[in-house]
Amino acid sequence: MSNHILKEELKRNNSITQEKIFVRVAEASRVFGLSKSHIWGLLASGQLKAWKPSSKITLLKVTDIIMYIEQSGETK
């Protein structure tokens, strides 16, 4: 999936915009069509990185998710 197509999908989705830098796992799952367990697996394996401002909050960088999807060929 090209970066242009991903950007267009992000524009259509009201819950996330190109201006948003970080999302939580649940939002990433909903927006990008990946299951939460798949995202947690990617985090555990080091394929995605997260920022944990607290023990109950895990944030993912939107650009990292887009790069992962582009490299893996996974689509919504």
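Only a predicted model underlies this, so the values are computations on that prediction, with no experimental measurement involved. Side-chain atoms are counted along with the backbone in the values below, which use heavy atoms only and exclude waters and symmetry mates.
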Got a list of side-chain donor-acceptor pairs under 3.5 Å for residues 59-66, not counting sequence neighbours?
none

Listed by chain and number, what are the side chain to side chain donor-acceptor pair (under 3.5 Å) partners of S37, not counting sequence neighbours?
S35
Measuring from I39:CD1 to R24:CZ, what's the distance to the nearest 0.5 Å?
13.5 Å
Contacts of S29 that satisfy side chain to side chain donor-acceptor pair (under 3.5 Å) - sequence neighbours left out
none
Can you tell me how far apart OG (S72) and CG (L34) are? Round to the nearest 0.5 Å.
7.5 Å
Output all residues satisfying side chain to side chain donor-acceptor pair (under 3.5 Å) with K56, sequence neighbours left out; order by chain, then residue number.
none
Would you say that V31 contacts V23 through its side chain, given a criterion of any heavy-atom pair below 4.5 Å between the two side chains?
no
Sequence neighbours excluded - side-chain hydrogen bond (donor to acceptor under 3.5 Å, both in side chains) pairs with any residue from residues 39-51:
S45-Q47
